[in-house]
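This report refers to the structure that appears directly beneath it.
Naming: A, B, ... by sequence-line order, numbering from 1 per chain.
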2 protein chains.
Amino acid sequence: MRLSTKGRYAVTAMLDLALNGKTGPVTLAEISENQGISLSYLEQLFAALRSKDLVRGVRGPGGGYYLGKSSDEISIANIICAVDEWVEFTRCGGRQNCSGGARCLTHTLWDDLSAEIFNFLADISLGDLVRRNLANRNGRDTSLSAVSTSSSQAA
Amino acid sequence: MRLSTKGRYAVTAMLDLALNGKTGPVTLAEISENQGISLSYLEQLFAALRSKDLVRGVRGPGGGYYLGKSSDEISIANIICAVDEWVEFTRCGGRQNCSGGARCLTHTLWDDLSAEIFNFLADISLGDLVRRNLANRNGRDTSLSAVSTSSSQAA
DNA sequence: TAATTACCTAGTGATTTGGTTGGAAATAGA
DNA sequence: TCTATTTCCAACCAAATCACTAGGTAATTA
């Protein structure tokens with residue numbers, strides 16, 4: 001898995017779209033202005049998002065972008081994978097030349113952990129984030145998703 | 001947050017250390033051999049891990065690295081933060097010049113999500129991963145941590 | 001026709017990645 | 001004490017990635 005600033009930009013832009021796209025299409029110029037991301041960089045990100053059907057573009061005056069599907073059907077994992085080229089994990093290409101077994105062992109552990117992280121992000125949708133915010137206008141600490149058993153360790 | 005191949009290398013190396021360090025110190029040469037990571041790159045990673053007291057080095061023949069504390073006291077988030085320089089999230093530096101409010105809104109949403117991801121990774125320890133593997137020798141699908149409510153969405 | 005917008009391609013400086021080289025300091029064993 | 005081993009440390013490097021700029025073309029509206 002890969003979670004970089006590029007993915008953050010994409011998620012941020014999609015959030016902007018989910019929040020402001022209720023009435024009509026949102027232009028990249030608006031998102032650029034709102035989020036402080038350069039227009040051309042947004043174009044590149046949205047090319048990737050469009051290829052995965054996460055957004056739908058409308059050309060011409062009055063055009064812009066819509067979400068490609070309902071905000072509940074778009075997970076954070078979907079967005080990050082679209083722009084960050086889901087890096088395939090080196091799992092020794094099956095079982096070949098995995099010297100000693102110690103290598104395969106840690107690879108397996110890492111793969112399991114990666115899958116867990118992916119599932120975590122796949123379970124949070126754009127809709128979840130938006131609703132959480134609306135519900136949290138003056139309240140506090142609304143749980144983001146079904147998953148929320150944090151405690152024990154801090155930074 | 002930031003989850004790159006660099007962090008993956010660090011987690012993988014720490015897993016190797018947790019698995020093989022029961023009897024004595026583990027040399028970087030062994031980890032390099034086991035995991036296919038260059039020795040010098042490991043040195044750089046372990047310099048960062050050492051500065052955060054996640055590992056303890058012993059010089060000289062028969063030397064190597066120990067875990068700096070119990071594997072239960074080392075979270076995945078600890079490891080990734082040590083090598084990846086925990087990127088501070090642009091939250092508009094407080095509340096200044098955040099045009100329109102739409103920007104602050106998505107920033108807040110992103111910050112909340114980031115915190116959630118961090119908590120998720122902070123709740124998984126090296127010890128969890130090791131125990132999961134031992135428990136899963138011939139069994140299947142042992143839950144990794146307390147957190148495991150996945151369903152609904154897939155890739 | 002003109003303005004607006006998505007869409008496309010190429011390039012660019014800065015940073016990060018993952019690695020190499022060449023050591024120095026500490027320690028165990030001969 | 002000498003030597004081998006190992007961590008430690010600094011500088012440097014090619015390749016990739018990041019975030020952006022520049023300069024268009026295609027579709028659509030008024």
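- Salt bridge absent: B:D53 and B:R50 never bring a charged side-chain N and a carboxylate O closer than 4.0 Å.
- A salt bridge between A:R131 and A:D72 is present, with a side-chain N of the basic residue lying under 4.0 Å from a carboxylate O of the acidic one.
- Among residues two or more places apart in sequence or in another chain, the side-chain contact (heavy atoms from CB on, under 4.5 Å) test is passed with B:A18 by B:L67, B:L126, B:V130.
- Taking B:Y41 as the reference, B:K6, B:Y9, B:I37, B:S38, B:Q44, B:L45 meet the side-chain contact (heavy atoms from CB on, under 4.5 Å) condition, with sequence neighbours excluded.
- The separation between B:L45 atom CG and C:dT20 atom P is 14 Å, rounded to whole Å.
- In this structure A:S71 satisfies the side chain to side chain donor-acceptor pair (under 3.5 Å) test with no other residue, sequence neighbours excluded.
- Regarding contacts with the backbone of D:dC18, every side-chain N or O of A:R8 stays at 4.0 angstrom or more from both OP1 and OP2.
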What does the list of N/O pairs under 3.5 Å between the protein and nucleotides 11-18 of chain C look like, with a distance for each?
{"unit_1": "C:dT16", "atom_1": "O3'", "unit_2": "B:R2", "atom_2": "NH2", "d": "3.2"}
{"unit_1": "C:dT17", "atom_1": "OP1", "unit_2": "B:R2", "atom_2": "NH2", "d": "3.3"}
{"unit_1": "C:dG18", "atom_1": "OP1", "unit_2": "B:T5", "atom_2": "OG1", "d": "2.2"}
{"unit_1": "C:dG18", "atom_1": "OP2", "unit_2": "B:T5", "atom_2": "OG1", "d": "3.1"}
{"unit_1": "C:dG18", "atom_1": "OP2", "unit_2": "B:K6", "atom_2": "N", "d": "3.2"}
{"unit_1": "C:dG18", "atom_1": "OP2", "unit_2": "B:Y41", "atom_2": "OH", "d": "3.0"}

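- With 3.5 Å as the limit, one finds a donor-acceptor pair spanning the side chains of A:D84 and A:S4.
- In terms of the side chain to side chain donor-acceptor pair (under 3.5 Å) criterion, A:S32 has no residue partners (sequence neighbours excluded).
- With D:dC8, C:dC8, C:dA6 as the candidates, the nucleotide lying closest to the side chain of A:T27 is C:dA6.
- Atom SG of residue B:C81 and atom CD1 of residue B:I76 lie 11.0 Å apart, to the nearest 0.5 angstrom.
- Nearest to the side chain of B:L28, among C:dC8, D:dC9, D:dT7, sits D:dT7.
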Distances for protein N or O near nucleotides 1-4 of chain C N or O, under 3.5 Å:
{"unit_1": "C:dT4", "atom_1": "O2", "unit_2": "A:P61", "atom_2": "N", "d": "3.4"}

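- Both A:I37 and B:G57 lie close to DNA chain D; mapped to their nearest nucleotides by heavy-atom distance, the more 5′-ward contact belongs to B:G57.
- Backbone-only contact: B:Y65 has heavy atoms under 4.0 Å from sugar-phosphate atoms and none from a base.
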